[in-house]
K.L.:
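My questions all concern the structure below.
None of the values given here were measured: they were computed from a predicted structure.
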Amino acid sequence: MTPVDTADNTFATDNHQAGLLIGKYAAARLNGRKATIAMLDLYNDQVVEVDTGRDHGFLDGMGIPNKPGSMNGLEPKTGHYKGGKGGQYQIVCHRPTQGAIDGGRQAMEQCLSANPNINVVYAMNEPAGEGAYAALKAAGKAGKVLLVVIDGSCDGITMVRNGQFDADAVQYPGKMARLGVDAVAKIARGGAPPAKTKGKDFYDTGTALATAKSVPGVPSQTPAQAGKKCWG
């Protein structure tokens with residue numbers, strides 16, 4: 001919408017926060033081991049907030065320096081991550097997936113070809129993560145690589161329960177829609193526009209981490225708990 005301030009408010013999930021949660025989780029699970037990372041993004045030639053917000057959030061959660069607001073892939077490719085107990089890291093690849101299963105599989109295959117020792121995979125959404133899991137399974141690496149994703153659909157939570165995903169940052173599109181409709185009805189009756197979340201330019205509908213293997217210092221839900229509010 002142009003200009004942006006034409007809208008009274010936006011109900012949305014903080015994509016950076018979603019990435020931050022799975023980054024913190026991955027760092028804690030590593031327990032000081034070297035992180036050899038594959039980054040499966042949406043694009044590699046565009047700056048789109050849902051893509052860069054999640055990507056940079058993951059890096060922040062891992063404690064890897066990056067340039068917020070910039071294109072993906074500009075962070076140092078080797079160094080020391082500060083999340084969890086901290087340790088050395090290497091970012092093997094940034095590959096576009098288009099947010100699709102086929103794209104995720106192809107991207108993961110390319111990353112494994114570049115370095116078969118990858119032990120952490122960031123996938124920008126569940127379909128990309130599902131494709132990545134298929135490639136890992138075909139390579140005999142299923143269950144041996146930390147695979148973290150973002151979305152929180154019911155199918156995704158099932159994949160967490162089954163051990164295909166190690167963690168999923170859960171978002172709530174149904175809540176976004178419900179609050180938006182409620183706000184329109186309230187304004188139509190002469191009520192005040194909804195307030196934005198403090199420190200943000202939108203109303204944050206929340207993000208939670210779902211995992212079957214919790215870690216100290218990173219609050220999370222079990223798959224059973226997350227399944228009660230999943231979508232799709």
K.L.:
Heavy atoms only: give me the nearest A26-V120 pair and the separation to one decimal.
P.N.:
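Scanning both residues, the minimum pair turns out to be CB-CG1, 4.3 Å.
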K.L.:
Kindly compute the distance separating NZ (K82) from CD1 (I64), expressed to the nearest 0.5 Å.
P.N.:
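Between atom NZ of K82 and atom CD1 of I64 there are 11.5 Å.
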K.L.:
Report whether L42 and I91 are members of the same hydrophobic cluster (ILVMFWY, side-chain heavy atoms less than 4.5 Å apart, transitive linking).
P.N.:
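Yes; tracing contacts between hydrophobic side chains, which count when under 4.5 Å, links both residues.
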K.L.:
So which heavy atom on T52 is nearest to which on S70, and how close?
P.N.:
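Closest approach of T52 to S70: CG2-O, 3.5 Å.
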K.L.:
Do H16 and D60 pass the side-chain contact (heavy atoms from CB on, under 4.5 Å) test, and can you show the C-alpha distance, the side-chain angles, and the key distance before you say yes or no?
P.N.:
CA-CA 9 Å; H16 182 274; D60 285 341; 2.6 Å; yes
K.L.:
How far does NZ of K34 sit from OH of Y81, to the nearest 0.5 angstrom?
P.N.:
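Atom-to-atom, K34:NZ and Y81:OH are 11.0 Å apart.
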K.L.:
Which distance, rounded to the nearest 0.5 Å, do you find between the CD of E130 and the CE of M108?
P.N.:
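Here the rounded value is 15.0 Å.
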K.L.:
Decide yes or no on side-chain contact (heavy atoms from CB on, under 4.5 Å) for R95 and C111, but give the supporting numbers first.
P.N.:
CA-CA 8 Å; R95 291 287 185 274; C111 292; 3.6 Å; yes
K.L.:
Rounded to the nearest 0.5 Å, what separation is found between the SG atom of C230 and the NZ atom of K228?
P.N.:
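Here the rounded value is 11.5 Å.
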K.L.:
List the atom of Y43, the atom of N72, and the distance in Å for their closest heavy-atom pair.
P.N.:
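Closest approach of Y43 to N72, heavy atoms only: O-ND2, 4.3 Å.
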K.L.:
Where do R105 and A138 come nearest, in terms of heavy atoms and distance?
P.N.:
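Closest pair (atom of R105, atom of A138, distance): NH2-CB, 3.8 Å.
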K.L.:
Among L209, L21, D168, whose side chain to side chain contact (heavy atoms under 4.5 Å, CB included) with S220 holds?
P.N.:
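When L209, L21, D168 are each tested with S220, the side chain to side chain contact (heavy atoms under 4.5 Å, CB included) holds only for L209.
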K.L.:
With side chains defined as the heavy atoms from C-beta onward, is the minimum distance between V121 and Y133 less than 4.5 Å?
P.N.:
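V121 does not reach Y133 side chain to side chain.
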K.L.:
With rounding to the nearest 0.5 Å, note down the distance linking CD in Q17 to CD1 in I22.
P.N.:
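It comes to 11.0 Å.
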K.L.:
Within the distance-only criterion (no hydrogens, no angle test), does the side chain of Q106 pair as donor or acceptor with the backbone N or O of T97 below 3.5 angstrom?
P.N.:
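The answer is no, because no donor-acceptor pair under 3.5 Å joins these two groups.
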K.L.:
Treating N125 as the side-chain partner and G99 as the backbone partner, does any N or O pair qualify as donor plus acceptor under 3.5 Å?
P.N.:
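It does hold such a pair.
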K.L.:
Does atom NZ of K77 have more than 12 heavy-atom neighbours, drawn from other residues, nucleotides or ligands, at distances under 6.0 Å?
P.N.:
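Counting neighbours around NZ of K77, more than 12 heavy atoms of other residues, nucleotides or ligands fall under 6.0 Å, so yes.
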K.L.:
Hydrophobic clustering (ILVMFWY, side-chain heavy atoms < 4.5 Å, transitive) - are M159 and V170 grouped together?
P.N.:
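Different hydrophobic clusters.
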K.L.:
I need the single residue from V218, N119, V215 that forms a side chain to side chain contact (heavy atoms under 4.5 Å, CB included) with R29. Which is it?
P.N.:
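The residue from V218, N119, V215 that satisfies side chain to side chain contact (heavy atoms under 4.5 Å, CB included) with R29 turns out to be V215.
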K.L.:
Between atom CG of D155 and atom CH2 of W231, what is the distance when rounded to the nearest 0.5 Å?
P.N.:
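If I round to the nearest 0.5 Å, the distance is 9.0 Å.
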K.L.:
State yes or no: are the ring centers of F58 and Y122 separated by less than 6.0 Å?
P.N.:
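Yes; Y122 has its ring centre under 6.0 Å from that of F58.
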K.L.:
Quick check: closest heavy atoms across Q221 and A226, and the distance to 0.1 Å?
P.N.:
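Of all heavy-atom pairs spanning Q221 and A226, the closest is OE1-CA, 3.3 Å.
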K.L.:
Closest approach of G79 and Q88, non-hydrogen atoms and distance?
P.N.:
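Answer, listing the atom of G79 first, then Q88: O-OE1, 3.0 Å.
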K.L.:
So does E109 get a backbone contact from the side chain of S113, meaning a donor-acceptor N/O pair under 3.5 Å?
P.N.:
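Here the side-chain-to-backbone pair does not exist.
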K.L.:
Any heavy-atom pair between the side chains of Q171 and N15 that's under 4.5 Å?
P.N.:
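Yes, side chains in contact.
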K.L.:
Would you kindly confirm whether V148 and I101 end up in one hydrophobic cluster when ILVMFWY residues are joined by side chain heavy atoms under 4.5 Å apart?
P.N.:
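V148 does not cluster with I101.
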K.L.:
Would L112 end up clustered with V92 when hydrophobic side chains under 4.5 Å apart are linked, directly or stepwise?
P.N.:
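Hydrophobic grouping puts L112 with V92.
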K.L.:
For the hydrophobic clusters of this structure (ILVMFWY residues joined by side-chain heavy atoms under 4.5 Å, transitively), does one cluster hold both M124 and L40?
P.N.:
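No, no single cluster joins them.
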K.L.:
With no hydrogens and no angle check, is any side-chain donor or acceptor of K141 less than 3.5 Å from a backbone partner on P116?
P.N.:
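Checked: pair present.
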K.L.:
So N66 and D55, side-chain contact (heavy atoms from CB on, under 4.5 Å) or not? Walk me through it.
P.N.:
CA-CA 10 Å; N66 65 93; D55 177 295; over 6 Å; no
K.L.:
Using atom types as modelled and distance alone, determine if a side-chain donor or acceptor of D166 lies under 3.5 Å from a backbone N or O of L147.
P.N.:
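Yes, the answer is positive, given that a donor and an acceptor are paired below the 3.5 Å cut-off.
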